[in-house]
Amino acid sequence: EYLKYTLNSLLYWDKMTYMPKNAFGYRNEVMSYMGEMLHELLSSEELQAYMYYYNENQTDDLLINAAIRRIYQVQQPITDIPENEYTEYIRLLGFAEKVWDEGRAENQYEKVMPYFEQIFNSFRKFSEYWGYPNEPYDALINYYVDGYTTSDMDNMVEGLKQPLLDILEQRLEIQKNFTRHKPLKGISKEKQLKLWELILKEIGFDFDAGRVDVGSYTIILANSPDDVRIVTEFSEEDLSVGIFNVLHSGGKAIYHQNIDKSLLGTLLAEPPSFVMEEAIGRFYENIIGRSKGFWERIFPQAMEFIPELRKISIEDFYQMINYCEPSCIRMNADEITFLIHVIIRYEIEKGVFRGDYEVCDLENIWKSKYREYLNVEPQNVKEGVLQDIHWVTGYMGYFPTYILSNIAAVQLAYVIKGEYKNLEQLIVEGGIGKINKWMYKNIFRWGAVYDFHELIKNSCGEDLNVSYYLSYLKEKFLKQT
């Protein structure tokens with residue numbers, strides 16, 4: 001656990017924030033070496049013996065059973081890969097991320113393409129090591145959330161894609177009656193940092209157990225519930241970019257800070273899956289952060305840090321942050337188009353694994369799908385195929401989790417609304433603490449004791465249900481005012 005958190009969190013945080021540029025080469029060697037150490041520990045005969053014993057002598061102890069399951073989840077994807085291949089893969093990712101940064105800056109997909117090719121090939125081999133029920137891409141989906149296959153995701157996408165496009169078309173028609181407010185520009189990093197601190201404190205982030213720094217992209221890195229680090233990006237072109245990055249990351253960070261500390265040392269002191277963590281991020285970003293009640297509460301204080309907010313009413317600000325518009329950028333997308341962005345990535349990634357697409361063609365395929373679904377076209381690779389960092393950091397098969405997590409976030413909101421009735425009023429009155437207590441009781445404290453499916457079933461009383469998500473979008477965005 002110490003090694004895993006040090007490698008994945010502390011060293012990576014330093015690399016993203018304050019590490020000197022010239023330190024990259026040696027740091028990459030250190031991280032490759034630590035990846036090799038982790039592989040050796042998880043492959044050790046001693047650990048294998050313990051795992052065999054507990055498999056043969058199962059108990060009714062919830063924590064022991066959960067810990068054994070978690071060790072398998074951490075162990076098998078790594079130890080199923082030959083050690084030399086795993087070490088080379090870690091080294092490859094280190095260089096790929098650096099070249100990705102350069103390719104974006106130089107608008108050169110050709111520079112990054114060989115690394116994409118190597119990473120896709122690595123995961124093709126990994127999927128064979130891991131095994132899969134129907135097709136190789138199943139193995140990647142199962143790495144992030146058990147129980148889903150490519151066929152399951154295809155069915156879910158089929159049920160979402162056209163309704164989302166229909167809702168978007170209707171919303172755009174409604175918005176013709178709105179005054180379009182331009183994004184607030186020219187807000188300095190220093191002012192935005194003060195606003196971020198206000199937002200994070202309001203939603204319950206503990207600065208004695210965490211910090212926030214500016215980086216080239218947004219991520220949270222947790223070393224323990226007492227050390228959770230937010231790295232986020234900001235934009236002087238649009239104040240809302242930093243706001244919603246911080247709300248999203250802040251929600252995830254609060255999750256990590258509220259995991260039961262007694263679970264430390266068991267590999268259970270973390271969310272059970274990326275999809276559960278992402279669901280919480282989307283809940284705080286959208287359900288809380290895009291609500292009118294949240295801004296009615298903090299707008300007066302926000303104006304103290306950002307005097308430019310005095311030029312706009314709360315109502316106009318609310319309309320501005322919920323304005324729907326097709327664009328090329330996933331991270332800044334509105335709630336309707338966000339999953340359309342994700343579906344594009346899912347279809348491309350899956351297509352490469354099925355052999356339908358070649359890596360050398362992805363730049364043009366990306367543009368084609370954006371024209372088809374959103375009627376926009378990226379003007380450069382930073383807006384297009386090199387927009388996301390996922391592939392060069394090894395998050396292959398991650399995009400489907402965004403689909404599941406957005407559905408889960410809304411489903412959790414419906415349950416909380418059922419308990420507190422008027423969620424908007426609760427937020428206005430400073431009741432986010434009550435929401436956090438509900439989350440702590442049902443989700444946060446359990447860490448990885450229960451898996452994603454169990455947490456949703458236990459807290460919502462039913463399995464994941466896509467109908468809540470579509471109902472939510474219709475209720476919020478298809479009103480005439």
Side-chain angles (χ1 to χ4, degrees), residues 15-16 21 24 92-120 165 168 172 180 182-187 189 192 214-219 231-245 248 323-334 336-352 356-396 398-399 402:
K15 179 183 173 185
M16 286 186 62
K21 182 179 179 180
F24 171 79
L92 169 65
L93 295 186
F95 286 110
E97 186 177 341
K98 182 173 183 291
V99 174
W100 173 80
D101 261 328
E102 294 169 354
R104 280 160 54 93
E106 299 166 12
N107 195 31
Q108 290 288 327
Y109 175 58
E110 294 79 9
K111 190 167 189 173
V112 185
M113 187 173 65
Y115 289 88
F116 275 2
E117 194 76 69
Q118 291 179 70
I119 292 168
F120 271 100
L165 293 171
L168 175 62
L172 293 177
R180 175 72 193 276
K182 294 180 180 179
L184 290 175
K185 298 183 178 183
I187 312 298
K189 181 170 72 173
Q192 292 196 42
V214 175
S216 58
Y217 59 93
T218 301
I219 193 170
V231 181
T232 189
E233 55 187 330
F234 82 106
S235 170
E236 290 192 352
E237 295 300 308
D238 186 350
L239 177 67
S240 65
V241 171
I243 287 173
F244 291 105
N245 283 341
H248 183 83
Y323 195 85
C324 297
E325 184 177 40
S327 72
C328 294
I329 307 300
R330 175 186 61 84
M331 283 287 287
N332 305 337
D334 56 80
I336 298 175
T337 62
F338 182 85
L339 282 193
I340 301 173
H341 288 271
V342 173
I343 288 168
I344 289 171
R345 287 151 175 78
Y346 167 69
E347 291 180 349
I348 291 173
E349 191 176 71
K350 178 186 66 175
V352 174
D356 298 332
Y357 302 141
E358 297 294 333
V359 170
C360 62
D361 297 326
L362 292 190
E363 183 176 8
N364 290 328
I365 292 167
W366 192 286
K367 288 180 179 179
S368 175
K369 283 190 175 288
Y370 266 85
R371 285 195 300 268
E372 179 186 354
Y373 293 163
L374 291 173
N375 197 30
V376 295
E377 183 173 320
Q379 297 304 301
N380 52 59
V381 295
K382 195 172 182 179
E383 290 184 352
V385 70
L386 299 188
Q387 181 181 146
D388 301 296
I389 198 169
H390 296 63
W391 291 339
V392 293
T393 51
Y395 282 72
M396 197 70 68
Y398 187 88
F399 287 117
Y402 288 121

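Given the structure is predicted, the values throughout are model-derived calculations rather than measurements.
- Side-chain polar atoms of Y373 and H341 form no donor-acceptor pair below 3.5 angstrom.
- Between P326 and N375 there is no side-chain heavy-atom pair separated by less than 4.5 Å.
- For V381 against N107, the heavy-atom pair with the smallest separation is N-OD1, 2.8 Å.
- Across all their heavy atoms, V99 and V112 have their closest contact at O-CG2, 3.7 Å.
- Residues passing the salt bridge (charged side-chain N to carboxylate O under 4.0 Å, His left out) test with D238: none are found, sequence neighbours excluded.
- Checked against salt bridge (charged side-chain N to carboxylate O under 4.0 Å, His left out), K98 has the following partners two or more places apart in sequence or in another chain: E102.
- In this structure, CD1 in I119 is found 13.0 Å from NE2 in H390, a value given to the nearest 0.5 Å.
- No side-chain heavy atom of F234 sits under 4.5 Å from any side-chain heavy atom of V241.
- Side chains of F116 and V392 form a contact here, defined as non-hydrogen atoms less than 4.5 Å apart.
- A cation-pi arrangement, defined by a distance under 6.0 Å to the six-membered ring centre and an angle within 45 degrees of its axis, is absent between R345 and Y398.
- Within the 4.5 Å cutoff, the side chain of E383 has heavy atoms near those of the I329 side chain.
- Pairs passing the side-chain hydrogen bond (donor to acceptor under 3.5 Å, both in side chains) check and including a residue from residues 360-369, sequence neighbours excluded, read E347-K369.
- Annotation for T393 and E97: closest pair CG2-OE1, 3.7 Å, computed over non-hydrogen atoms.
- Evaluation of the salt bridge (charged side-chain N to carboxylate O under 4.0 Å, His left out) rule for E325 yields R180 as partners, not counting sequence neighbours.
- D334 is not listed as a side-chain neighbour of Y323, based on a closest heavy-atom distance of 4.5 Å or more.
- In terms of heavy-atom proximity, L339 sits nearest to Y402 at CD2-O, 3.7 Å.
- Remark: aromatic rings of F120 and W391 are close, center separation under 6.0 Å.
- Between the CD atom of E237 and the CG atom of L184 there is a distance of 12.0 Å, given to the nearest 0.5 Å.
- Evaluation of the side-chain hydrogen bond (donor to acceptor under 3.5 Å, both in side chains) rule for K185 yields no partner, not counting sequence neighbours.
- Remark: the backbone N or O of M113 is not paired with any side-chain donor or acceptor of E117 at under 3.5 angstrom.
- Here the CZ-OH distance, from F95 to Y115, works out to 7.0 Å after rounding to the nearest 0.5 Å.
- Summarising the geometry of V342 relative to R330, their closest heavy-atom pair is CG2-CD, 4.3 Å, with the distance given to 0.1 Å.
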* Before giving the answer on side chain to side chain contact (heavy atoms under 4.5 Å, CB included), spell out for I348 and F399 the whole-Å C-alpha distance, their side-chain angles and the decisive distance to 0.1 Å. => CA-CA 10 Å; I348 291 173; F399 287 117; over 6 Å; no
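- A distance-only check finds a donor-acceptor pair linking the side chain of Q379 to the backbone of E377 [under 3.5 Å].
- K111 NZ: more than 12 foreign heavy atoms inside a 6.0 Å radius.
- Taking OG1 of T337 as the reference point, atom CG of L168 lies at 7.0 Å (rounded to 0.5 Å).
- Between S240 atom OG and N332 atom CG the span is 7.0 Å, to the nearest 0.5 Å.
- Here the side chain of Q387 pairs a donor or acceptor atom with the backbone of C328 at under 3.5 angstrom.
- Residues L239 and Q192 form a side-chain contact, since some pair of their non-hydrogen atoms from C-beta on lies under 4.5 Å apart.
- Taking each heavy atom of V352 and V359 in turn, the nearest pair found is CG1-CG2, 4.2 Å.
- Rounded to the nearest 0.5 Å, atoms SG (C360) and CD (E110) are 10.5 Å apart.
- Not a single salt bridge (charged side-chain N to carboxylate O under 4.0 Å, His left out) links E236 to another residue, sequence neighbours left out.
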